[in-house]
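We number each residue from 1, following the sequence as shown. Because the structure is a prediction, the values reported are computed rather than measured.
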Amino acid sequence: MIKVHNIEHMTYDGVAAVAASRQKPQSLTTAVGIVIMADSDTSCTERSPASSSRMSPKRGRGAGPSKGQSKGRGRGRGRGRPRSRAKSSGQDTDLTDVNKKAQTAGSDTETSESPETLRIAEAEKAWQATMKRPRPSCKAAKDADSDSDTELSGVHNVAHSTGSLAGFISWICETVMTDAEKTCLMRFEPGPKNVITMGEFCAGMCSGTIAMHFLEKVFNQLFGKCPTNSTELVTEMVPWKRQVCQMVCDKCGCKPVLVERTADACQRTDVHHVQLAVAAIECDDISAMSSTPKSVVDETGKSGRSLLEFMDWLDSLEFSTRPQILVMECVAALMKERSVVSEKGTAVVSKLLVERGFVGSWRMVNTKHFSVPQSRGRTYGVFCRLMTFGDAGETKAKARVTSMWEFVDRCKTKTSGSEALHDLLTRALTPAGVPSKKPRSDRKKEAKWRKDHVEYRKQHNLVTNDALCPISQEILGQVNLLTEREREVAALTLHVALKKNPNGKWFVGNIGDSVRYCRFSSTLHPCLLPQKKYLYANVTDMTVSLNSDANLYFALQGLSADEVQAMGLDEISLTHAKDLCGNAFSLPVIVAIVLAALLNVGMAPERNV
């Protein structure tokens with residue numbers, strides 16, 4: 001007797017643009033698995049055998065780190081000078097024709113008033129009138145937002161300003177979702193049959209569990225029913241992060257098996273079947289800032305070890321009990337052709353997943369299009385586990401993946417973020433106190449940065465400090481707050497930013513970078529990284545400061561102060577909060593992907609056939 005996931009009865013006609021072209025479901029349906037990874041191309045896998053062959057040399061499952069290497073998890077932790085980013089070779093995908101048509105249709109909606117566009121506009125207008133929230137003006141933000149990602153098709157909607165994850169979910173439910181999609185969600189009835197089981201790998205702060213918790217909360221408020229999440233397995237190497245995961249799961253009512261490494265989970269017999277796997281690939285050896293670049297399947301590196309241990313975990317399961325959906329994430333470099341190792345990470349990972357019976361694709365997704373004013377581009381992959389093999393089963397799985405990405409695309413907001421950066425900083429930024437001692441400068445690099453600053457001044461006609469604007473001159477006086485290099489970098493680059501946008505109120509810049517790479521923006525927070533230093537300047541009040549409140553970092557993850565407290569994250573130190581939020585999945589993005597999975601896949605309970 002074979003165990004098969006009954007997905008057929010949980011799908012519906014007309015949920016996505018490709019619904020009309022789908023074939024009638026076969027007697028054996030396709031169980032879907034989603035994998036989200038931080039990559040920048042959109043590649044669908046080619047074949048879908050259920051083989052479990054390994055590309056890497058033989059090794060013991062759960063092998064420890066090689067000599068001289070640390071076990072710590074350091075996603076986003078750069079070392080040494082930034083390396084030049086490898087040029088992307090473009091999309092490495094062979095999507096179906098229907099996917100290409102869908103992408104074309106998505107881009108057309110920005111220049112034409114289609115019936116769907118009018119429907120969304122009317123729904124948003126009615127909903128905002130009910131909520132008594134004014135629609136934000138997005139013209140200035142649209143003009144200033146030049147850092148666009150073109151990997152997803154055109155942006156369709158304008159979100160209301162909420163500053164909370166629940167608010168973003170409510171906006172999707174009320175404005176983006178069609179009546180058919182709402183009906184699909186209302187099929188979930190309370191009870192064990194509608195429990196979604198989840199596993200999180202390299203979990204960080206259990207972003208998938210947090211996303212499902214607030215999806216449940218909003219669904220109950222709007223529809224009176226929803227699927228229930230049960231996180232069954234969590235892997236995290238860093239001890240204090242495991243404690244955070246345990247706390248978050250406790251707050252969400254989950255009791256997972258918590259292990260240090262994914263290899264440890266292979267031997268556990270007390271882990272229930274996982275339907276949705278949310279996994280991150282360590283970025284230590286993949287990031288463009290890495291000083292130890294390695295192949296994504298090199299088991300001597302942290303990145304390769306985390307990926308191969310996840311593949312080992314899949315191999316340890318019977319095919320019918322592998323997750324229906326895999327969601328994986330990594331830095332953008334995973335999607336690029338890295339000449340130093342002669343590989344494109346997404347192509348390598350896709351091949352490993354194809355060998356294990358999964359079909360899917362990769363996208364570069366930027367947080368700035370999902371209600372948060374932060375430019376954070378990461379690679380995500382969505383993959384489906386096959387239940388019907390052959391061309392028909394593979395085509396059906398690809399159509400489902402395409403439909404899910406189309407829904408995620410619809411969840412993009414038209415402005416850089418539904419909450420303006422100055423509003424986010426006003427509510428979440430707490431200026432740090434001025435230290436009693438001057439910060440120490442790096443004398444070894446002084447000659448280099450002084451030369452760069454002289455060239456920058458000549459380029460922008462800023463030979464003397466008298467040519468600088470008042471707020472830049474105020475920065476030069478912060479001798480107890482910033483080093484000499486940091487003061488000059490901030491003063492020069494902020495002056496240039498103000499010339500481009502003289503009406504900006506709040507500006508934020510990464511003053512840890514050199515003057516050639518530091519940029520101040522009044523619309524988008526730079527990508528939050530744990531090791532970077534950010535300066536916040538209020539031009540109206542003529543004040544500059546560093547941050548001393550962990551709520552700012554969680555706000556850049558889309559969480560309000562009340563939501564942070566509800567998850568128990570308000571007691572985390574500033575350093576740990578910056579580490580978590582600088583490495584974790586972007587919560588609004590994973591919300592959109594998980595919701596797309598619930599709509600297009602159904603995550604139905606198992607039955608015997």
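- Between the R376 side chain and the H525 main chain, no donor and acceptor come within less than 3.5 Å of each other.
- Note on ring orientation: taking the six-membered ring where Trp is involved, the planes of W171 and F168 are parallel (angle under 30°, cut-offs 30° and 60°).
- Between R378 and F585, the closest side-chain pair of non-hydrogen atoms is not below 4.5 Å.
- Between H576 and W240, the angle of the ring planes stays under 30°, which puts this pair in the parallel group of the 30/60° scheme.
- Side-chain atoms of S290 do not come within 3.5 Å of backbone N or O of I286 as any donor-acceptor pair.
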- prompt: After noting the C-alpha distance and the side-chain angles of D285 and T292, does the key distance pass the side chain to side chain donor-acceptor pair (under 3.5 Å) rule?
  reply: CA-CA 6 Å; D285 308 312; T292 60; 3.0 Å; yes
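- Sparse packing is recorded around CD of E571, with 12 or fewer heavy atoms of other residues, nucleotides or ligands lying under 6.0 Å away.
- Under the 3.5 Å distance criterion, the side-chain polar atoms of S287 are left unmatched by any main-chain donor or acceptor of D284.
- Between C202 and I281 the shortest side-chain heavy-atom distance does not fall below 4.5 Å.
- A donor-acceptor contact shorter than 3.5 Å links the side chain of S521 to the backbone of L524.
- Between K532 and D513, some side-chain heavy-atom pair lies under the 4.5 Å cut-off.
- A heavy-atom distance below 4.5 Å is found between the side chains of L546 and L535.
- When side chains are defined from C-beta on, E563 does not count as touching M567, because their heavy atoms never get closer than 4.5 Å.
- In this structure E486 satisfies the salt bridge (Lys or Arg N to Asp or Glu O under 4.0 Å) test together with K533, sequence neighbours excluded.
- Listed for the Q478 side chain is no donor-acceptor partner under 3.5 Å among the backbone atoms of V544.
- Side chain of R427 to backbone of G163: a donor-acceptor contact under 3.5 angstrom is found.
- Side-chain N or O atoms of K294 include none that pairs as donor or acceptor with a backbone N or O of K302 at under 3.5 Å.
- Contact of the L574 side chain with the Y553 side chain is registered, since non-hydrogen atoms from C-beta on lie closer than 4.5 Å.
- Taking the salt bridge (Lys or Arg N to Asp or Glu O under 4.0 Å) definition, one finds that E484 meets it with R450, sequence neighbours left out.
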Give every donor-acceptor pair under 3.5 Å between a side-chain atom in residues 462-471 and any protein atom, sequence neighbours left out.
{"unit_1": "N465", "atom_1": "OD1", "unit_2": "R457", "atom_2": "NH1", "d": "3.2"}
{"unit_1": "N465", "atom_1": "OD1", "unit_2": "R457", "atom_2": "NH2", "d": "2.8"}

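- In summary, of the residues considered (K458, K448, E488), a side-chain hydrogen bond (donor to acceptor under 3.5 Å, both in side chains) with H453 occurs for E488 alone.
- With Q557 contributing its side chain and L587 its backbone, the two residues share a donor-acceptor pair below 3.5 Å.
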query: Between E216 and N220, does a side chain to side chain donor-acceptor pair (under 3.5 Å) hold up when you go through it step by step?
result: CA-CA 6 Å; E216 289 180 43; N220 271 323; 5.6 Å; no
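- Ion pairing between a basic and an acidic side chain is recognised when a charged N comes within 4.0 Å of a carboxylate O; D579 and K241 show such pairing.
- Using a distance-only test at 3.5 Å, with no hydrogens or angles considered, a donor-acceptor pair links the side chain of Q374 to the main chain of L556.
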